[in-house]
Amino acid sequence: MKLRLPPRRQQDSEQRILPLINIVFLLLIFFMVAGQLSQSDAVRVEPPRSSSAADMESPLARILMAADGSVHINGIPVALADVTETARSLMAASAPDAIFVKAAGGVDARQAIALLAAIRAAGATGVRLVTQHRQSP
């Protein structure tokens with residue numbers, strides 16, 4: 001006795017690609033939730049407003065000064081007295097083109113000037129103070 005199999009239904013191309021689309025969307029959602037797009041600052045710093053619209057490239061060295069006066073160099077807390085030595089060793093290790101200093105808007109100007117002087121004493125020539133772009137009223 002000869003049995004015949006029922007004819008196979010041809011799946012259209014939309015039905016064959018649907019599982020692939022589902023997997024791509026799941027991977028997209030996974031990487032959006034799990035991934036980190038940019039490095040966040042070690043402490044929350046709200047820089048002062050600026051009237052210039054110059055964009056800054058990504059720095060190789062980032063120094064943060066929080067409103068309480070604490071200093072972080074590339075995410076590592078450093079005492080203000082040790083900034084010169086730490087900046088000098090950082091420049092010897094990676095030779096950054098520019099050191100970006102991001103100070104909170106509420107920081108006393110004398111503390112910010114002392115920080116910039118300590119960085120200058122380390123031999124840095126390209127120091128940039130990061131500010132926020134002023135919004136037009």
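Because the structure is a prediction, the values reported are computed rather than measured. Starting from 1, each residue takes its place in the sequence as its number.
Scanning all heavy atoms of the two residues, the minimum distance from Ala122 to Ala87 falls at CB-CB, 3.8 Å. Contact detail for Val107 and Ala67: the closest heavy-atom pair is CG2-CA, 4.0 Å.
Evaluated for a side chain to side chain contact (heavy atoms under 4.5 Å, CB included) with Asp82, the options Leu80, Val78, Thr84 yield exactly one hit, Val78.
Ile63 and Ile113 end up in different hydrophobic clusters when Ile, Leu, Val, Met, Phe, Trp and Tyr side chains are linked at under 4.5 Å. Residues Ile23 and Phe31 share a hydrophobic cluster, clusters being chains of Ile/Leu/Val/Met/Phe/Trp/Tyr side chains in contact below 4.5 Å. Both Leu20 and Phe25 are part of a single hydrophobic cluster, where members link through side-chain heavy atoms under 4.5 Å apart. Residues Leu27 and Val33 do not share a hydrophobic cluster, clusters being chains of Ile/Leu/Val/Met/Phe/Trp/Tyr side chains in contact below 4.5 Å.
For the pair Lys102 and Met65, the minimum side-chain heavy-atom distance is 4.5 Å or more. At least one side-chain heavy atom of Val101 sits under 4.5 Å from a side-chain heavy atom of Leu115.
Checking side-chain atoms of Arg88 against main-chain N and O of Val83 turns up no donor-acceptor pair under 3.5 Å.
Rounded to the nearest 0.5 Å, atoms CD1 (Ile21) and CD1 (Ile17) are 5.0 Å apart.
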